[in-house]
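Numbering of ligands and ligand atoms starts at 1, following listing order. These figures come from a predicted structure and were not determined experimentally. The figures that follow rest on heavy atoms only: side chains count, while hydrogens, waters and symmetry mates do not.
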Amino acid sequence: MTAVELGRAISRKEIKPEEALGAVYGSIAEKDKSVNAYISLSREQAEAQLRAGGAEGGLLRGVPVSVKDNICTKGVLTSCASRILSNYIPVYDATAVAKVKSAGMPIVGKLNMDEFAMGSTSETSYYGSVKNPNDLTRVPGGSSGGAAAAVAAGEAICALGSDTGGSIRQPASYCGVTGFKPTYGYVSRYGLIAYASSLDQIGPIAKDVADCAAIMDVISGHDAHDSTSLNIEHPSYYGSLTGEIRGKRIGIPEECFGEGVDEDVKAAVLACGKTLEGLGAELVPVRLPFMKYVVPTYYIIATAEASSNLSRFDGVKYGFRAENVDSIDDLYIETRSQGFGKEVQRRILLGTFVLSSGYYNAYYKKALLLKRKIIEGFAGAFAACDAILCPTAPTTAPKLGESLNDSMKMYLSDIFTVSVNLAGLPGLSVPCGKDGNGLPVGAQLIGAAGHDADVLNIGHAFQLATSFHKRKTR
Ligand code: GLN
């Protein structure tokens with residue numbers, strides 16, 4: 001069942017929330033040994049939550065939700081999949097978590113991910129790599145790989161992930177589920193452990209667009225705790241799903257269908273365009289001339305911000321602390337050397353380098369100027385269309401162990417997702433087919449800032465007309 005279907009069944013008293021929760025834990029017990037989607041389970045708290053009730057009448061009341069392990073949950077380990085936070089129990093809930101709780105959604109547990117959300121494969125976790133339920137020899141994508149894998153495997157009804165450069169959309173694409181990254185500022189980041197603050201955004205991963213929209217209705221909104229959260233009226237995202245897209249102009253950027261993109265991926269995404277055309281939308285060519293700059297721009301800005309954000313993990317205030325050290329400098333060095341994995345250390349080094357006084361102008365400042373160009377480039381494209389359609393990722397899920405020894409190649413695979421974060425736009429990934437190996441392909445719909453409801457509605461129209469999102473759980 002989707003989250004919305006389950007919510008309806010619960011409100012009609014056909015299913016008890018306790019039964020639904022028990023079924024999710026049953027499925028975890030059966031499958032998570034092979035998938036490794038969860039870092040921890042919070043069954044006692046979830047059951048207590050159900051006993052406490054709450055939110056009469058809400059669409060998702062009683063529907064279990066699972067949460068990525070970089071989003072703070074009061075009293076429940078929030079490790080960021082890192083050794084350095086392997087003993088961190090937050091004393092507060094992230095705003096998004098507080099909101100799902102007050103909507104009556106019990107929290108099943110915390111989902112595995114790339115350490116500090118840095119990665120595209122969910123292989124850098126201190127708790128071991130996550131496996132793709134479609135093929136256990138392949139990665140689920142990342143960094144919200146645990147979230148996408150859990151939903152795909154039926155180990156979660158729906159999930160909250162985070163997306164800094166594609167971490168909701170790309171794993172959704174690799175696992176054959178639906179993921180939505182909202183406009184920057186639409187969901188509070190309070191309690192999301194920061195990776196790159198100007199790019200980070202919390203969003204839903206679920207079975208379909210309707211679920212993502214229903215979850216957006218719960219988690220979106222202004223929050224005084226997050227100065228970047230926008231103080232605006234949000235529409236009902238679920239209520240905006242009319243499925244009517246006649247006259248919508250869908251931009252097809254040629255830059256996203258060229259060299260380096262798998263033929264099967266291209267074909268499936270272009271077929272998605274044809275389906276939308278059949279529903280009355282108009283396909284228009286658009287240009288995204290900045291595409292060749294987006295990966296370097298992203299990796300400079302993201303690592304610069306990460307190097308600053310991660311300076312708080314020093315072995316003094318909280319988290320893991322190295323033992324047998326002689327001096328305070330040693331304490332810092334040993335704690336950070338032992339506490340952070342390789343990829344995180346690489347990024348802290350890169351970020352520190354691009355911010356250093358000698359290289360700041362050559363790298364960081366130039367990246368900020370390019371970010372401006374990317375925002376303007378999108379604005380140009382949106383003058384001619386209502387949404388852009390492109391692949392979520394150039395390929396389907398790679399084999400486990402293939403990506404980490406070639407970081408450049410892994411970074412380049414983020415080409416279609418990172419620009420959306422740099423420009424603060426909403427982006428949706430919907431399943432749109434399979435490749436020759438039977439692996440899911442995702443189509444990405446990108447909207448202008450604030451056009452979240454529109455983007456969701458286009459994805460919803462596609463799902464009303466197709467069945468790629470309806471998958472049997474294994
Ligand atoms: N793969 C990208 C990175 O490694 C995006 C990660 C994310 O969105 N958190 O930075």
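The N/O atoms of Met118, backbone and side chain alike, include none that comes under 3.5 Å of an N/O atom in ligand 1. On a distance-only criterion, Lys68 and ligand 1 share no N/O pair closer than 3.5 Å. Annotation: Asp163 places no N or O atom under 3.5 Å from an N or O atom of ligand 1; distance criterion only. Where the criterion is an N or O separation shorter than 3.5 Å, residue side chain and backbone included, Gly142 fails it with respect to ligand 1.
Side-chain polar atoms of Ser42 and Lys110 form no donor-acceptor pair below 3.5 angstrom. Between Ser188 and Ser229, the side chains place no donor N or O within less than 3.5 Å of an acceptor N or O (distance only, hydrogens not considered). With 3.5 Å as the limit, one finds no donor-acceptor pair spanning the side chains of Ser125 and Asp114. If you check the side chains of Tyr195 and Arg347, you find a donor sitting under 3.5 Å from an acceptor. Defined by atom type and a distance below 3.5 Å, a donor-acceptor pair is missing between the side-chain atoms of Gln170 and Thr392.
Tested against Phe313 for a ring pair (Phe, Tyr, Trp, His ring centres under 6.0 Å), the candidates Phe116, Tyr88, Phe320 yield a single pass: Phe116.
For Ser197, the side-chain contact (heavy atoms from CB on, under 4.5 Å) criterion is met by Arg189, Ala194, Glu305, Asn309, not counting sequence neighbours.
In the vicinity of Ser143, heavy-atom distances shorter than 4.0 Å reach the ligand 1 atoms 9 (N). Atom numbering of ligand 1 starts at 1 in the shown order; those under 4.0 Å from a heavy atom of Tyr195 are 3 (C), 9 (N), 10 (O). Residue Ala117 has at least one heavy-atom neighbour below 4.0 Å for each of these atoms of ligand 1: 6 (C), 7 (C), 9 (N). Against a heavy-atom cut-off of under 4.0 Å, Arg347 is close to the following atoms of ligand 1: 3 (C), 4 (O), 10 (O). Ligand 1 places these atoms under 4.0 Å from at least one heavy atom of Tyr298: 2 (C), 3 (C), 5 (C), 6 (C), 10 (O). Distances below 4.0 Å separate heavy atoms of Tyr299 from the following atoms of ligand 1: 1 (N), 2 (C), 3 (C), 4 (O), 10 (O). In summary, the atoms of ligand 1 found under 4.0 Å from a heavy atom of Gly119, numbered by their order in the structure, are 1 (N), 2 (C), 3 (C), 4 (O), 6 (C).
Residue Asp414 touches ligand 1 through its side chain alone, judged by heavy-atom distances below 4.0 Å.
A salt bridge is defined here as a Lys NZ or Arg NE, NH1 or NH2 lying under 4.0 Å from an Asp or Glu carboxylate O, and Arg138 with Asp135 meets this definition.
Contacts classified as ring-ring contact (aromatic ring centres under 6.0 Å, His included) and involving residues 403-433 (residues at least two apart or in different chains) are given here: Tyr299-Tyr411.
Looking only at heavy atoms of the protein, atom 6 (C) of ligand 1 is closest to Ser167 OG, 2.9 Å.
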